[in-house]
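In what follows, a structure is listed as structure tokens, so that the remarks can point back to it.
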Amino acid sequence: QVQLVESGGGSVQAGGSLRLSCSASGPWRSQWYWGWFRQAPGKEREGVAIIRANQDSATNYADAVKGRFTISLDDGRSTLHLEMNSLKPEDTAMYYCAVDWGSYDLRLSADAFRYWGQGTQVTVSS
């Protein structure tokens, strides 16, 4: 059983930066893929960024965050990060990390993930 714990959320003014982290525990899989998702009040959960934890470390980003957010893994491939720069009020949401394994085409789809963290709140004020 994989367990995920997020950290790094908080409150920041527009234009500021935050770094989210997500640590995984449990059996390691060579074909993990990881994602960050977010959900604002009254809205559906949406994909933010995906990364594949194999040799190519391929990524995919939502258009709303391209050029501002960067998803990455540490060298041990068990901690996920999301560097968020130039934050906007519309980035305010609960952010969740997720992981699963197998072949994956990097779609920003929550349905592709079985394991989720508890979420960390990000609030951006104008």
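Just so you know, these numbers come straight off a predicted model, no measurement behind them.
- The minimum heavy-atom distance linking Trp34 with Ala24 is given by the pair CH2-CB, 3.4 Å.
- When side chains are defined from C-beta on, Thr70 counts as touching Tyr61, because their heavy atoms get closer than 4.5 Å.
- Minimum heavy-atom separation, Ser21 to His81: OG-ND1, 2.9 Å.
- A salt bridge links Lys66 with Asp63; the closest basic N to acidic carboxylate O contact falls under 4.0 Å.
- Between Lys88 and Val124 there is no side-chain heavy-atom pair separated by less than 4.5 Å.
- Atom NZ of residue Lys43 and atom CE of residue Met94 lie 15.5 Å apart, to the nearest 0.5 angstrom.
- One hydrophobic cluster holds both Val48 and Leu20 under the rule that ILVMFWY side chains link at heavy-atom gaps under 4.5 Å.
- A side chain to side chain contact (heavy atoms under 4.5 Å, CB included) with Leu82 is found for one member of Ile51, Ile71, Thr120 and no other, namely Ile71.
- Under the 4.5 Å side-chain criterion, counting only non-hydrogen atoms from C-beta, Val122 is in contact with Met84.
- Side-chain contact between Glu46 and Arg38 is present, with at least one heavy-atom pair separated by less than 4.5 Å.
- In summary, the aromatic rings of Phe69 and Trp36 are positioned with their centroids too far apart to meet the 6.0 Å limit.
- Side chain of Asn60 to main chain of Ile50: no donor-acceptor pair is present (N/O by atom type, distance under 3.5 Å, no hydrogens or angles).
- Ring orientation note: the planes of Trp101 and Tyr115 are close to parallel, at an angle under 30° on the 30°/60° scale.
- More than 12 heavy atoms of other residues, nucleotides or ligands shown are found within 6.0 angstrom of CD on Glu90.
- Contact record, Ser86 with Ser17: N-OG, 4.4 Å, taken as the closest heavy-atom pair.
- Looking only at distances, a side-chain donor or acceptor of Arg52 sits under 3.5 Å from a matching main-chain atom of Tyr104.
- Trp116 and Val2 fall into different hydrophobic clusters, defined by Ile, Leu, Val, Met, Phe, Trp and Tyr side-chain heavy atoms under 4.5 Å apart, directly or through other members.
- Separating the CD atom in Gln121 from the OG1 atom in Thr123 is a distance of 4.0 Å, to the nearest 0.5 Å.
- Within the 4.5 Å cutoff, the side chain of Tyr95 has no heavy atoms near those of the Cys22 side chain.
- Neither Phe113 nor Leu4 shares a network with the other; the hydrophobic side chains, linked directly or stepwise wherever heavy atoms of I, L, V, M, F, W or Y lie under 4.5 Å apart, form separate groups for each.
- Formation of a donor-acceptor pair under 3.5 Å by the Glu6 side chain with backbone atoms of Cys97 is found in this model.
- When all heavy atoms of Thr92 and Ala40 are compared, the pair lying nearest together is O-CB, 3.7 Å.
- What you find for Ala58 and Leu106 is that their closest heavy atoms are CB-CD1, 3.6 Å.
- The two atoms that bring Gly47 and Ala62 nearest to each other are O-CB, 3.4 Å, heavy atoms only.
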